Amino acid sequence: MTDRMPEFPPSMHRGAFLAEAAPDDEIPLEGMAPQDARLLIEEELLLDSEPERNLATFVTTWMGPDVRALIAENLHRNFIDHAEYPQTAEIEQRCIRMLANLFNAPDETTGARTQGSSEAIMLGALAMKWKWRQRREAEKKGAEKPNLIFGGDVHVVWEKFCRYFDVEPRIVPLQEDKLVIGPEDVEQHLDEHTIGVAAVVGTTFTGHADDVVGINKLLVETKEKHGWDIPLHVDGASGAFVWPFLHPDSEWDFRLEQVRSINASGHKFGLVFPGIGWLIFRDKDCLPEDLVFYEDYLGKRDATFTLNFSTGSAMVLAQYYNFIRFGRSGYEYLMKVMQTNRDALAERVMAIGEFEELGSGEQLPLVAWRLKGDHPYDEFDLASQLAAVRGWMVPAYHLPPNAQDVKLMRALVKLTLPYALAEKLGDDLAEACEVLAKKGGMHESERKKVHTSTSY
Ligand SMILES: *Cc1c(COP(=O)(O)O)cnc(C)c1O
């Protein structure tokens with residue numbers, strides 16, 4: 001060794017971590033062997049739940065070995081370096097065109113790859129705010145106090161947008177017997193300061209859709225009556241990848257005149273690992289030019305419309321892989337498998353006799369149910385019991401206002417819950433009811449951490 005080199009740290013002997021606390025407040029002075037670092041982390045992760053048994057999440061928890069290899073081989077490719085990686089940028093554009101086509105866009109369109117639906121919604125809502133301001137300025141009217149209308153069945157990101165970007169949220173509260181919104185709820189909130197209306201296709205609470213057809217009709221009539229051209233944004237985080245395959249005749253997308261933008265989470269039913277989302281505009285005119293940043297970066301002129309900058313390319317490539325690997329017929333088949341297993345689980349759960357399903361109509365592949373009648377136990381006890389017995393992660397939660405008194409449980413039925421496991425879950429739920437009925441409910445001290453978040 002030459003003396004130009006610094007001294008090699010004496011940290012490469014193995015196994016010290018076995019008898020020590022994990023470093024948790026400062027970067028340790030000495031490192032450890034790579035195998036040790038990996039083992040330390042892997043052992044801790046075993047305390048987390050197994051993602052494939054997570055029936056609370058909409059997000060993809062399984063992908064096949066070929067696409068995992070593709071992902072692993074492209075972790076070092078920064079997506080935003082369009083000048084260096086023009087083919088990656090081209091593949092992003094192909095995905096945008098494919099989705100615009102899937103959503104029945106009438107003309108040449110534009111869109112963006114995002115980190116998920118949250119970023120897509122922020123960008124889509126910003127576009128609505130900018131377009132509204134342009135309309136107001138063209139009419140020589142003031143552009144103060146913009147508002148945005150949506151139901152209590154939306155994801156938290158919509159309220160976040162309103163707070164971060166200074167827009168008044170006009171939220172239609174849910175009711176115990178009405179878990180989605182329609183034109184009758186929206187109409188009273190519309191005025192000339194409304195930048196847009198957001199409708200959900202596939203809510204996180206019960207998997208149903210707002211009445212997009214009805215709201216579109218209302219907005220068309222409003223345009224004729226008042227001259228306000230109010231755009232409709234469809235939050236299809238989950239549904240935009242499900243409806244085209246399970247409910248192709250149901251209109252929720254650009255077939256409807258006022259639908260100007262749609263977001264979809266590639267990492268939900270697009271069947272890609274997190275984080276990838278998509279924002280698709282109806283046409284190029286829906287994206288205000290001054291939200292796009294042009295810059296000369298590394299020698300080339302580049303256009304970006306994002307909140308983030310550097311990020312991986314792997315999930316964009318994985319999305320494209322899924323599109324060409326499955327094709328439309330493959331996606332349709334996979335969605336139908338999930339739906340069939342959903343039906344089987346729903347039937348099994350209803351056969352127990354203690355439950356009722358929530359909501360009605362076209363739905364994501366999930367079952368949402370609640371207890372009916374009087375019981376010495378509740379949905380949260382059942383969730384704890386299922387977790388204790390076999391590690392099932394089935395969330396129990398309350399609905400948002402004004403349906404907050406409704407407690408329910410929900411299980412996603414994705415490809416990681418095949419028929420055999422769906423049956424097993426139904427059996428375990430039946431047994432949980434019996435055990436809890438005998439015990440007279442669950443004691444506070446027995447309650448394990450129950451997954452109560454419904455938002456992902
Ligand atoms: C998941 C979800 C979001 C947020 O999406 P991310 O991709 O997690 O950012 C927004 N809206 C709905 C309806 C969702 O289901």
Side-chain angles (χ1 to χ4, degrees), residues 53-58 151-153 172-182 202-209 339-413 417 419 421-455:
R53 289 287 78 76
N54 182 355
L55 305 184
T57 188
F58 290 85
D153 56 341
V172 179
L174 301 187
Q175 294 154 37
E176 292 206 2
D177 56 353
K178 195 161 183 292
L179 306 180
V180 290
I181 64 164
T203 71
T204 52
F205 301 104
T206 67
H208 296 96
Q339 192 186 36
T340 307
N341 290 335
R342 187 223 84 86
D343 293 346
L345 177 64
E347 202 176 303
R348 182 71 191 80
V349 171
M350 291 313 117
I352 298 170
E354 314 285 0
F355 302 107
E356 61 187 350
E357 272 197 87
L358 271 102
S360 61
E362 295 167 352
Q363 194 188 19
L364 298 173
L366 63 80
V367 188
W369 68 86
R370 68 192 278 198
L371 283 163
K372 55 179 188 189
D374 282 338
H375 299 271
Y377 55 89
D378 71 0
E379 287 80 356
F380 290 86
D381 292 343
L382 284 168
S384 296
Q385 182 70 16
L386 283 176
V389 169
R390 216 192 290 272
W392 291 115
M393 279 177 270
V394 178
Y397 53 97
H398 290 266
L399 285 177
N402 294 335
Q404 66 271 40
D405 290 342
V406 178
K407 287 189 269 190
L408 68 157
M409 301 178 77
R410 184 199 66 198
L412 266 290
V413 184
L417 195 75
Y419 183 79
L421 286 190
E423 291 278 282
K424 183 73 76 197
L425 172 62
D427 293 347
D428 287 349
L429 182 64
E431 201 180 297
C433 291
E434 280 171 32
V435 170
L436 288 171
K438 272 200 209 110
K439 283 210 307 201
M442 195 166 264
H443 191 265
E444 200 54 48
S445 64
E446 291 176 303
R447 281 198 179 151
K448 293 180 77 167
K449 177 178 156 255
V450 182
H451 298 260
T452 51
S453 171
T454 60
S455 330

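Since this is a predicted model, take the numbers as computed values, not measurements.
The heavy-atom pair separating Leu179 from Gln175 by the smallest distance is CD2-O, 3.4 Å. The nearest pair of heavy atoms linking Leu371 to Tyr377 is CD1-O, 3.6 Å. Across all non-hydrogen atoms, the minimal contact from Ala383 to Ala396 is CB-CB, 4.0 Å. Closest heavy-atom contact between Pro376 and Leu436: CG-O, 4.4 Å. Trp369 approaches Leu358 most closely through the heavy-atom pair C-CD1, 3.6 Å. For the pair Thr203 and Phe58, the tightest heavy-atom approach, listed with the atom from each and the gap, is O-CZ, 4.3 Å.
Here CG of Leu425 is found 10.0 Å from CD of Glu423. Values are rounded to the nearest 0.5 Å. The structure places CE of Met409 at 10.0 Å from CG of Leu55, a figure rounded to the nearest 0.5 Å. The NE2 atom of His398 lies 8.5 Å from the CD atom of Glu379; values are rounded to the nearest 0.5 Å. The distance from the CG atom of Asn54 to the CG atom of Leu417 is 11.5 Å, given to the nearest 0.5 Å. A distance of 8.0 Å separates CG in Leu364 from CG in Leu412, rounded to the nearest 0.5 Å. Note that the CG atom of Asp427 and the CG atom of Leu421 stand 11.0 Å from one another [nearest 0.5 Å].
Within a 6.0 Å sphere centred on NZ of Lys178, heavy atoms belonging to other residues, nucleotides or ligands number more than 12. Annotation for Glu347: atom CD does not count as buried by contact number, only 12 or fewer foreign heavy atoms lying within 6.0 Å.
Between the side chain of Asp343 and the backbone N or O of Thr340, no donor-acceptor pair lies under 3.5 Å. Under a 3.5 Å cut-off, the side chain of Arg390 and the backbone N or O of Asp428 do not form any donor-acceptor pair. Put simply, the side chain of Gln385 never gets that close to the backbone of Cys433: no donor and acceptor are under 3.5 Å apart.
Across Arg342, Gln339, Glu357, a single residue satisfies side-chain hydrogen bond (donor to acceptor under 3.5 Å, both in side chains) together with Gln363, and that is Arg342. Considering Asp405, Leu408, Asp153 as possible partners of Leu399, the one that fulfils the side-chain contact (heavy atoms from CB on, under 4.5 Å) test is Leu408.
Looking at Glu356 and Arg370, a side-chain N of the basic residue comes within less than 4.0 Å of a carboxylate O on the acidic one, giving a salt bridge. Contact check on Lys438 versus Glu431 returns no salt bridge, with no Lys/Arg side-chain nitrogen under 4.0 Å from an Asp/Glu carboxylate oxygen.
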>> One pair to check against side-chain contact (heavy atoms from CB on, under 4.5 Å): Tyr419 and Lys424. What are the steps and the verdict?
In response: CA-CA 9 Å; Tyr419 183 79; Lys424 183 73 76 197; over 6 Å; no
> Yes or no on ring-ring contact (aromatic ring centres under 6.0 Å, His included) for Phe355 and His375, after CA distance, side-chain angles and deciding distance?
Replying inline: CA-CA 11 Å; Phe355 302 107; His375 299 271; 7.5 Å; no
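Residues Asn402 and Leu174 fail the side-chain proximity criterion, which asks for heavy atoms closer than 4.5 Å. Contact check for Leu429 versus Leu386: side-chain heavy atoms found under the 4.5 Å cut-off. Residues Lys407 and Asp378 form a side-chain contact, since some pair of their non-hydrogen atoms from C-beta on lies under 4.5 Å apart.
The aromatic rings of Tyr397 and Phe205 lie tilted to each other, with the angle between the two planes from 30° to 60°.
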